[in-house]
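Below is one structure; the comments refer to it alone.
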Amino acid sequence: MRVLLVDEDVGARRAIAHELVMDPRVCVVGEAGSMLECKRLLAQHKFEVLILDVRLGGGKGFDLIESTRRHYSSAEIIVHSALEDEAHVRRAFAAGASGYLVKNSWFQNFTQAVLQVVNGGAAVSPSVVRHLLMRLRHSSTPEGPQAVGTPPKALSVREREVLRLVAKGRVTRDIATELSISGQTVCAHVKSICHKLQVRTRAHAVTEAATRGLI
């Protein structure tokens, strides 16, 4: 898997690159510390995964996620950021990110995160998952806040099962095995889920469903 690393923090880039190159399945094809360098790398290299700090260029990293999604639709994007509040997490997933890793998290595995997203999973730091689960428990109570905006179409029982497994970090193959269905069927369910929730990625589907109390 070819990876691009984009972060203004040289030390952070080197640490991530050092971890990734230890696995023969991953190749770091380029690093950038500025928006200009990043755009040059995107134009020059073929890649499967972009690891990006959204604070790049004074917070323009979110725009970079959207533009990368438009021009490199098959690429997966993992955000690596010190920002872990719900607003930034939701914004990243809405822009098209497939993963969100919090800087200096006690549990971090970049190689696993890269392999997860390219295999259809959602790589999310435990602290972010915990926050989403707390939101889910709160929204599931009678006093909890109701979702605003256009109500999504109802998810089927099977779609909820698939989404719960996606939220746990399972990839397509593992979900298929656990539910005794084909990988193609899993992908069909995920496509239906994203259509109903009006989102583009699995990670965004999980955050949206948790916010609305659907899983």
Side-chain angles (χ1 to χ4, degrees), residues 1-10 12-14 16-17 19-21 23-81 83 88-103 109-125 128 166 169 171-173 183-184 186-188 190-195 197-208:
M1 294 297 106
R2 292 165 294 191
V3 178
L4 291 180
L5 297 177
V6 182
D7 195 317
E8 293 175 334
D9 186 337
V10 178
R13 291 206 315 270
R14 288 178 177 172
I16 298 171
E19 178 184 328
L20 293 176
V21 298
D23 193 303
R25 296 169 294 180
V26 180
C27 175
V28 178
V29 296
E31 298 180 35
S34 69
M35 187 68 71
L36 182 60
E37 291 177 357
C38 178
K39 291 180 178 179
R40 186 181 300 120
L41 283 180
L42 293 174
Q44 293 177 343
H45 297 278
K46 291 183 178 180
F47 64 99
E48 281 74 46
V49 179
L50 169 65
I51 298 179
L52 167 73
D53 185 347
V54 291
R55 293 189 298 179
L56 185 76
K60 295 181 179 179
F62 291 105
D63 297 332
L64 189 59
I65 296 176
E66 294 181 342
S67 63
T68 301
R69 270 294 180 194
R70 286 196 302 270
H71 296 96
Y72 310 94
S73 58
S74 62
E76 302 291 348
I77 303 168
I78 299 174
V79 169
H80 182 225
S81 176
L83 306 171
H88 285 97
V89 173
R90 288 175 59 82
R91 184 179 176 187
F93 288 144
S98 301
Y100 201 105
L101 303 180
V102 178
K103 285 190 175 183
N109 188 320
F110 291 96
T111 302
Q112 181 180 346
V114 167
L115 297 176
Q116 268 189 302
V117 296
V118 296
N119 282 288
V124 185
S125 286
V128 175
V166 170
V171 298
T172 299
R173 181 184 63 254
Q184 185 175 7
V186 172
C187 291
V190 171
K191 184 176 181 180
S192 175
I193 291 168
C194 289
H195 175 71
L197 297 180
Q198 301 174 15
V199 299
R200 291 184 289 180
T201 67
R202 296 185 182 203
H204 192 194
V206 170
T207 60
E208 186 66 22

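By convention here, the first residue in the shown sequence is residue 1. Model, not experiment: these values are computed from the prediction.
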Atom pair [atom1] ([X]) and [atom2] ([Y]), whose distance is rounded to the nearest 0.5 Å:
{"X": "I78", "Y": "L4", "atom1": "CD1", "atom2": "CG", "value": "12.0 Å"}
{"X": "I77", "Y": "T201", "atom1": "CD1", "atom2": "OG1", "value": "9.5 Å"}
{"X": "S81", "Y": "I51", "atom1": "OG", "atom2": "CD1", "value": "13.5 Å"}
{"X": "L56", "Y": "C38", "atom1": "CG", "atom2": "SG", "value": "6.5 Å"}
{"X": "C187", "Y": "R202", "atom1": "SG", "atom2": "CZ", "value": "5.5 Å"}

TODO: Using the test ring pair (Phe, Tyr, Trp, His ring centres under 6.0 Å), find all partners of H204 that sit at least two apart in sequence or belong to another chain.
DONE: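 Result, ring pair (Phe, Tyr, Trp, His ring centres under 6.0 Å) vs H204: none returned.
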- [ ] State whether the side chain of E19 and the backbone N or O of F110 hold a donor-acceptor pair below 3.5 Å, judged by distance alone.
- [x]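 Yes; at least one donor-acceptor contact below 3.5 Å.
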Open item on the list: Please list all pairs meeting side chain to side chain donor-acceptor pair (under 3.5 Å) that have one or both residues in residues 54-68, counting only residues at least two apart or in different chains.
Closed with: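 Non-adjacent pairs meeting side chain to side chain donor-acceptor pair (under 3.5 Å): zero.
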TODO: Show your working on side chain to side chain contact (heavy atoms under 4.5 Å, CB included) between H88 and V54 and close with a plain yes or no.
DONE: CA-CA 9 Å; H88 285 97; V54 291; 5.6 Å; no
side-chain hydrogen bond (donor to acceptor under 3.5 Å, both in side chains) partners for [X], two or more places apart:
{"X": "Q116", "answer": "none"}
{"X": "D9", "answer": "none"}
{"X": "T111", "answer": "none"}

- [ ] Go through the structure and list residues passing salt bridge (charged side-chain N to carboxylate O under 4.0 Å, His left out) with R14, not counting sequence neighbours.
- [x]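 Not a single residue meets the salt bridge (charged side-chain N to carboxylate O under 4.0 Å, His left out) criterion with R14.
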Open item on the list: I'd like to check the salt bridge (charged side-chain N to carboxylate O under 4.0 Å, His left out) partners of K103; sequence neighbours left out, ordered by chain and number.
Closed with: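 So K103 forms a salt bridge (charged side-chain N to carboxylate O under 4.0 Å, His left out) with D7, D53.
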Just distance, no hydrogens or angles: give the donor-acceptor pairs under 3.5 Å from side chains in residues 91-100, sequence neighbours left out.
residue: S98; atom: OG; partner: R69; partner atom: NH2; Å: 3.1
residue: S98; atom: OG; partner: E76; partner atom: OE1; Å: 2.4
residue: Y100; atom: OH; partner: L83; partner atom: O; Å: 2.4

Open item on the list: Applying the side chain to side chain contact (heavy atoms under 4.5 Å, CB included) criterion to V79, which one of I65, V89, L52, L101 satisfies it?
Closed with: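 Testing V79 for a side chain to side chain contact (heavy atoms under 4.5 Å, CB included) against I65, V89, L52, L101 leaves exactly one candidate, I65.
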Task: ring-ring contact (aromatic ring centres under 6.0 Å, His included): pairs with one or both residues in residues 29-55, sequence neighbours excluded - done: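 Of all non-adjacent pairs touching residues 29-55, those that pass ring-ring contact (aromatic ring centres under 6.0 Å, His included) are F47-Y72.
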- [ ] For the pair V190 and T172, evaluate side chain to side chain contact (heavy atoms under 4.5 Å, CB included) and give the outcome as yes or no after the intermediate values.
- [x] CA-CA 9 Å; V190 171; T172 299; over 6 Å; no
Determine all donor-acceptor pairs shorter than 3.5 Å in which one atom belongs to a side chain in residues 23-36; sequence neighbours excluded.
residue: D23; atom: OD1; partner: R25; partner atom: N; Å: 2.8
residue: D23; atom: OD1; partner: R25; partner atom: NE; Å: 3.0
residue: D23; atom: OD2; partner: R25; partner atom: NE; Å: 3.4
residue: D23; atom: OD2; partner: R25; partner atom: NH2; Å: 2.8
residue: E31; atom: OE1; partner: R13; partner atom: NE; Å: 3.3
residue: S34; atom: OG; partner: E37; partner atom: N; Å: 3.1

